Protein chains: 2
Amino acid sequence: MINENQYCLARIKTHYVKLSDKEKTIADYILKHPEEIIHTSINQLAEDLGMADSTVFRFCKRIGFKGYQAMKIALASEIVTPIKDIHETINEGDDVRTVSEKVFQSNMKALEDTLQLLVGGSFELAVKTIVNAKRVEFFGSGGSSIIAMDAYHKFIRTGIPVFANSDSHMQLMSASQLGEQDVAVLISHTGTTKDTIQVLGVLKENNVKTIGITNFAKSPLSEEVDIPLYTVAEETDYRSEALSSRIAQLSILDSLFINVMIAREEEGHTSLHKMRNAISIKRM
Amino acid sequence: MINENQYCLARIKTHYVKLSDKEKTIADYILKHPEEIIHTSINQLAEDLGMADSTVFRFCKRIGFKGYQAMKIALASEIVTPIKDIHETINEGDDVRTVSEKVFQSNMKALEDTLQLLVGGSFELAVKTIVNAKRVEFFGSGGSSIIAMDAYHKFIRTGIPVFANSDSHMQLMSASQLGEQDVAVLISHTGTTKDTIQVLGVLKENNVKTIGITNFAKSPLSEEVDIPLYTVAEETDYRSEALSSRIAQLSILDSLFINVMIAREEEGHTSLHKMRNAISIKRM
DNA sequence: TTATATACGAAAAAAATTTTCATTCAAACA
DNA sequence: TGTTTGAATGAAAATTTTTTTCGTATATAA
């Protein structure tokens with residue numbers, strides 16, 4: 001009726017507050033077992049939940065579908081295991097093409113999962129914190145120093161004073177110069193890199209606001225940082241999670257960058273025109 | 001009956017030869033307009049095709065579904081436009097969450113598209129070339145030098161002598177030292193970066209084998225390099241293609257790396273055990 | 001307290017799906 | 001050639017599922 005399109009789960013969440021008790025029961029069930037609904041009739045579902053078919057039907061209408069069928073179809077479109085077979089390990093007989101597909105899919109999966117976690121987390125706070133920073137500095141060691149340098153290249157265009165250095169001694173020195181109004185972004189896949197943890201220590205002494213990007217929630221970095229952000233990358237045989245994790249880190253930083261740009265425009269720091277120009281530059 | 005799972009379209013194709021005329025008509029129709037079926041009843045479909053419901057029903061059974069419903073659901077799961085609305089531009093009213101989603105989706109799309117192009121192209125040759133190289137060097141300038149450094153970090157673990165330097169003078173010097181048996185990988189998003197083109201000139205003089213990674217087929221870099229590889233990233237308002245392009249570059253290099261590792265194992269350079277260890281290392 | 005609205009289920013109605021059965025047609029066979 | 005067999009198909013019946021209608025209960029506001 002109102003609308004035919006996708007996004008069943010999102011729609012349920014949106015309408016959740018407006019639902020009656022019984023309807024909330026239905027909503028909970030669907031959110032919990034969306035895959036099952038797909039192969040269940042309205043009778044069955046109503047019976048399982050101990051209510052009348054019509055109650056379920058009204059629920060479908062309420063969240064904006066033409067009926068139960070329409071909801072089922074939308075759900076089916078939505079559920080489909082996001083990117084399939086991705087997690088498959090690379091096997092010995094695989095040809096170049098197959099290996100490439102698996103590598104790419106693994107990277108895509110990392111992005112998908114990371115995004116999922118990002119939107120629920122403290123990402124928004126991270127954006128605000130950076131927008132209000134007097135100065136932002138990126139820290140990373142080893143492979144992560146490359147990500148830090150990349151972030152520097154991006155953020156230099158926000159107009160916020162930014163800095164990054166791949167030398168660990170310089171990093172320590174630089175960290176000791178930061179203050180309360182500054183923000184440090186620390187990148188470490190494992191969250192245990194000694195050099196970076198050491199930098200974190202200096203930063204905390206100086207009350208610098210800290211944002212961490214890591215793959216592991218239970219790590220020194222993510223536990224001690226003010227705002228932890230997480231990548232989600234899984235390891236498989238013949239494929240280090242570290243590879244995908246870099247893609248996810250990069251994307252988090254992309255996202256931070258664009259959001260900061262937009263936020264700054266809204267605060268009137270820059271005109272829309274200049275902003276677009278800055279973002280859309282071809283060469284980075 | 002036989003099976004409940006996905007892959008409706010594939011299944012239709014598989015069974016195609018065994019189908020009767022009427023059934024072929026149905027198959028053709030579904031393959032042509034899968035999205036429509038989703039919102040069509042079996043009656044409707046039968047009528048549209050000028051046949052009986054039961055014929056359509058039997059078709060569903062024949063290709064392995066429990067019935068029409070089941071087929072519809074499978075189709076719905078399958079159709080869902082791979083990653084949707086991705087290309088949507090970022091709008092002024094978008095909140096942090098929406099912007100983040102768009103950024104990530106844009107990156108995922110870049111990977112998807114890049115992979116598509118990769119498998120048809122000269123990627124396999126690139127892998128072979130690197131495997132047989134005496135020495136591999138990565139070149140990039142500006143933002144791309146970061147990608148080159150990243151590649152260096154990865155490939156150092158292949159055991160092949162690799163090198164990368166972000167200073168353009170050093171790059172020129174280094175390029176002049178390479179010879180016929182060496183391979184140079186040049187990275188430039190636009191394919192027009194002056195420094196990198198200059199390096200390419202030196203390399204060609206020395207008959208060094210060259211692999212280029214760029215977003216544009218009509219660019220000095222991709223036209224003059226021995227083996228061009230392409231990223232696919234589209235620009236939108238408020239979102240430079242350069243951002244996504246880096247993710248794609250990184251993934252191409254990931255893929256090259258893993259493939260090279262595997263190829264070398266097959267050539268007996270390293271044991272499977274050592275190889276896995278090398279790839280699976282947590283910290284990069 | 002009464003009126004009104006909302007939530008819900010029961011049952012009826014409608015629609016869609018699935019099954020059954022009869023017919024046609026063509027190939028196989030006597 | 002006539003008959004049999006079996007696959008393909010459609011018509012109609014049976015069944016299941018979905019949707020609508022309507023009545024009751026409960027809560028809320030006047």
Side-chain angles (χ1 to χ4, degrees), chain A residues 1-5 8 11-12 14-30 33-77, chain B residues 1-5 8 11-12 14-30 33-77:
Chain A
M1 180 171 281
I2 301 160
N3 184 332
E4 276 293 313
N5 318 357
C8 179
R11 219 183 277 180
I12 293 176
T14 312
H15 289 74
Y16 198 85
V17 287
K18 294 176 240 161
L19 299 177
S20 71
D21 290 354
K22 291 256 173 186
E23 285 171 341
K24 283 206 177 84
T25 310
I26 305 172
D28 291 340
Y29 187 86
I30 298 180
H33 324 277
E35 339 73 30
E36 287 178 27
I37 300 297
I38 290 173
H39 303 290
T40 307
S41 75
I42 194 172
N43 309 308
Q44 191 62 53
L45 178 61
E47 194 182 327
D48 289 358
L49 297 176
M51 57 183 69
D53 316 356
S54 33
T55 303
V56 176
F57 183 79
R58 269 188 299 260
F59 169 83
C60 302
K61 285 277 208 183
R62 171 119 7 163
I63 63 172
F65 290 100
K66 193 163 147 245
Y68 184 74
Q69 269 292 325
M71 189 186 78
K72 245 167 78 170
I73 294 287
L75 215 43
S77 306
Chain B
M1 177 170 282
I2 300 159
N3 183 332
E4 276 292 314
N5 319 354
C8 179
R11 221 183 275 180
I12 293 176
T14 312
H15 289 75
Y16 197 84
V17 287
K18 294 177 243 162
L19 299 177
S20 71
D21 290 354
K22 291 257 174 186
E23 286 171 340
K24 283 208 177 81
T25 311
I26 304 172
D28 291 340
Y29 187 88
I30 297 180
H33 323 278
E35 339 73 30
E36 286 178 28
I37 301 297
I38 291 173
H39 303 290
T40 307
S41 76
I42 194 172
N43 309 309
Q44 190 64 51
L45 177 60
E47 192 181 328
D48 289 358
L49 298 176
M51 57 184 68
D53 315 357
S54 33
T55 304
V56 176
F57 183 79
R58 269 188 301 260
F59 168 84
C60 302
K61 285 276 207 180
R62 173 116 9 159
I63 62 172
F65 290 101
K66 193 163 148 245
Y68 184 74
Q69 269 292 326
M71 189 185 77
K72 247 168 77 170
I73 294 288
L75 214 44
S77 306

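Keep in mind the model is a prediction, meaning the values are calculated, not measured. Below, read A as the first sequence line, B as the second, and so on, with proteins coming before strands; counting in each chain starts at 1.
- Inter-residue side-chain proximity for B:K72 and A:Q69 is flagged as met; some heavy-atom pair is nearer than 4.5 Å.
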Side chain to side chain contact (heavy atoms under 4.5 Å, CB included) between A:K22 and A:F59, intermediate numbers included: CA-CA 9 Å; A:K22 291 256 173 186; A:F59 169 83; over 6 Å; no
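- Once you apply a 4.0 Å limit to the heavy atoms of chain A, the touched nucleotides of DNA chain C run 5' to 3' over C:dA7 to C:dA10.
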Show each protein N/O and nucleotides 18-20 of chain D N/O combination with a separation under 3.5 Å, one pair to a line.
residue	atom	partner	partner atom	Å
D:dT18	OP2	A:I42	N	2.4
D:dT19	OP2	A:Y68	N	2.8

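- Summarising the geometry, atom CD1 belonging to A:I30 is positioned 6.5 Å from atom CG belonging to A:L75; distances are rounded to the nearest 0.5 Å.
- Of all non-hydrogen atoms in A:I73 and B:I38, the two that sit nearest each other are CG2-CG2, 2.9 Å.
- Of the inter-residue distances, the one linking B:D53 atom CG with B:S41 atom OG reads 8.0 Å to the nearest 0.5 angstrom.
- A sub-4.0 Å separation between OP1 or OP2 of D:dT9 and a side-chain N or O of B:T55 is absent.
- One distance of note links CZ of B:R62 with NZ of B:K18; it measures 9.5 Å at 0.5 Å rounding.
- Take A:I42 and apply the side-chain contact (heavy atoms from CB on, under 4.5 Å) test, not counting sequence neighbours, and it matches A:V56, A:F57, A:Y68.
- Listed here is the closest heavy atom pair of B:I63 and B:H15: O-CE1, 3.8 Å.
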